[in-house]
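This report refers to the structure that appears directly beneath it.
Labels below follow one simple rule: chain letters A, B, ... track the order of the sequence lines, proteins then strands, and each chain is numbered from 1.
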There are 2 protein chains.
Amino acid sequence: MVKQKPLRRMGQTNPPFMSGVPELLLLQLLAQREMYGYELVKSVKLVTGEAISLGEGVIYPVLHGLERNGSLKAKRKVVGGRTRVYYSLTAKGKRRLERLEQDWNRIQTGVNAALGAASHA
Amino acid sequence: MVKQKPLRRMGQTNPPFMSGVPELLLLQLLAQREMYGYELVKSVKLVTGEAISLGEGVIYPVLHGLERNGSLKAKRKVVGGRTRVYYSLTAKGKRRLERLEQDWNRIQTGVNAALGAASHA
DNA sequence: TCTATTACCTTGTAGCTCTAGGTATATGGC
DNA sequence: GCCATATACCTAGAGCTACAAGGTAATAGA
């Protein structure tokens, strides 16, 4: 019996520090009023002034993830023969939004500090 | 001979829209003066006011990538018996910095517009 | 009839970041 | 001399996000 070299543990990693912006945007939009997926796709482009454009392939998986972890609740409605899935924030989602917003402000401040440092060199 | 279903092409993807912030920070720091890897690790923490902390496992691969694509040039120096690899910006690196800075400002503006929209709802 | 639009969805990949290690030298305390 | 700490470099492999590229189905308009 050869002593097995213990496989590197590789516990779960923290999410990349810059990630979660799509999530932040969706939570923020849904904090104002309930919306459905396809609507959110257009809305993100709109409110960010075309600066950010997230495809359906990004939006839908994020929505499903947020629903699964209890940040969103979904409600199906049929409008004009088409099914829409409306999402709205839960209490947990509201907390998550606040936390992501803080994270965003923190890293934003950090990056800008680094960029600004050039001016007063 | 079965007609092979053509494998999904999966051309190269655009980099995730929020990525490249570590790269931006490193280029920005190196635009001011040449530095070596270990120094950059400390420096990033410092200039971002502890908001962002990139480990060596992040810094070194990024530096190598930037050198490989011609954005940085490296120069080895021995100081006090230890080898340091000093990096400095090339012309290409300068252009890359400017582009990443623009990208950053664009998405920053976009996100903040979305966040701000809540106030004047 | 054919195309565009709305509205949902998933699969598989690319690429980035992180963790967790590794090597080697110098320094200061005991 | 010995050991822990700091300096300084590095990599492999996993985790995860965001992406492109598809697919289904219904409606609306040309």
Side-chain angles (χ1 to χ4, degrees), chain A residues 5-26 34-45 52-69 74-87 100 103-104 107, chain B residues 5-26 34-45 52-69 74-87 100 103 107 111:
Chain A
K5 171 132 60 114
L7 252 269
R8 220 195 273 242
R9 251 196 66 268
M10 285 303 157
Q12 103 283 12
T13 348
N14 291 332
F17 78 100
M18 273 304 303
S19 71
V21 170
E23 200 181 320
L24 169 60
L25 292 174
L26 295 184
E34 66 171 22
M35 294 173 90
Y36 56 99
Y38 193 79
E39 189 183 8
L40 285 162
V41 173
K42 313 287 180 186
S43 219
V44 166
K45 240 204 279 203
I52 298 170
S53 179
L54 303 175
E56 303 175 37
V58 174
I59 302 275
Y60 287 117
V62 172
L63 288 175
H64 298 159
L66 288 171
E67 188 192 1
R68 203 168 34 232
N69 77 24
K75 186 170 43 173
R76 308 180 73 85
K77 285 185 196 172
V78 177
V79 180
R82 285 196 204 82
T83 301
R84 293 175 177 171
V85 185
Y86 280 85
Y87 293 94
L100 286 178
D103 290 348
W104 165 253
I107 74 104
Chain B
K5 173 139 52 121
L7 252 272
R8 219 197 275 243
R9 248 198 68 269
M10 284 304 158
Q12 101 285 13
T13 349
N14 289 332
F17 77 101
M18 273 305 302
S19 71
V21 171
E23 200 181 321
L24 170 60
L25 293 174
L26 295 184
E34 64 172 22
M35 295 174 88
Y36 56 98
Y38 193 78
E39 188 183 9
L40 285 163
V41 174
K42 313 287 180 186
S43 218
V44 165
K45 241 206 278 203
I52 298 171
S53 179
L54 303 175
E56 302 176 36
V58 174
I59 301 275
Y60 287 117
V62 172
L63 288 175
H64 298 159
L66 287 172
E67 188 193 0
R68 203 168 34 230
N69 77 24
K75 185 170 42 176
R76 307 181 74 84
K77 285 186 196 173
V78 178
V79 179
R82 284 196 205 82
T83 300
R84 294 175 177 172
V85 183
Y86 281 85
Y87 292 94
L100 286 177
D103 289 350
I107 75 104
V111 172

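- Within 4.0 Å of Gly80(B), counting heavy atoms only, lie sugar-phosphate atoms of the nucleic acid but no base atom.
- In this structure, Val85(B) and Ala74(B) approach most closely via the heavy-atom pair CG1-CB, 3.8 Å.
- Contact annotation: His64(A) side-chain N/O to dC8(C) OP1/OP2 distance is not under 4.0 Å.
- Separating the CG atom of Leu66(B) from the P atom of dC16(C) is a distance of 10 Å, rounded to the nearest angstrom.
- Among the atoms of the strands shown, none is found under 4.0 Å from any heavy atom of Gly55(A).
- The heavy-atom pair separating Tyr38(B) from Tyr60(B) by the smallest distance is N-OH, 3.5 Å.
- Of all non-hydrogen atoms in Leu54(A) and Val41(A), the two that sit nearest each other are O-CG1, 3.6 Å.
- For the OP1/OP2 pair of dC8(C) and a distance below 4.0 Å, the side-chain nitrogens and oxygens of Tyr36(A) include no atom meeting the criterion.
- Atom pair Lys77(A):NZ and dT6(C):C1' shows a separation of 17 Å (rounding to whole Å applied).
- Between dC9(D) and Tyr60(B), a contact under 4.0 Å exists linking OP1 or OP2 to a side-chain N or O.
- Taking atom CG on Leu63(B) and atom C1' on dA8(D), their separation rounds to 13 Å, with Å as the unit.
- Val85(B) comes within 4.0 angstrom of sugar-phosphate atoms only, judged by non-hydrogen atoms across all strands, and of no base.
- Put simply, CD1 on Ile107(B) is 17 Å from P on dT17(D), counting in whole angstrom units.
- As judged by a 4.0 angstrom heavy-atom cut-off over every strand, Arg82(A) is placed among the base-contacting residues.
- Residue Asn69(A) contributes atom CG, which lies 14 Å from atom P of dC16(D) at whole-angstrom precision.
- With dT7(D), dT17(C), dA7(C) as the candidates, the nucleotide lying closest to the side chain of Arg84(A) is dA7(C).
- In this structure, the OH atom of Tyr87(B) is 5 Å from the P atom of dC10(D), given to the nearest Å.
- At least one side-chain heavy atom of Leu63(A) sits under 4.5 Å from a side-chain heavy atom of Leu40(A).
- When the side-chain nitrogen and oxygen atoms of Tyr38(A) are compared with OP1 and OP2 of dT6(C), one or more of them lie within a distance under 4.0 Å.
- With salt bridges taken as basic N to acidic carboxylate O contacts below 4.0 Å, none links Glu39(A) and Arg84(A).
- Atoms CG (Leu54(B)) and C1' (dA20(C)) sit 17 Å apart, rounded to a whole Å.
- Residue Val62(A) is the one, among Val62(A) and Gly81(A), whose nearest nucleotide of DNA chain D lies closer to the 5' end (criterion: closest heavy atom).
- Whole-Å rounding puts the Arg76(B) CZ to dC9(D) C1' distance at 8 Å.
- Nearest to the side-chain atoms of Glu56(A) among the listed nucleotides dC9(D), dC8(C), dC18(C) stands dC8(C).
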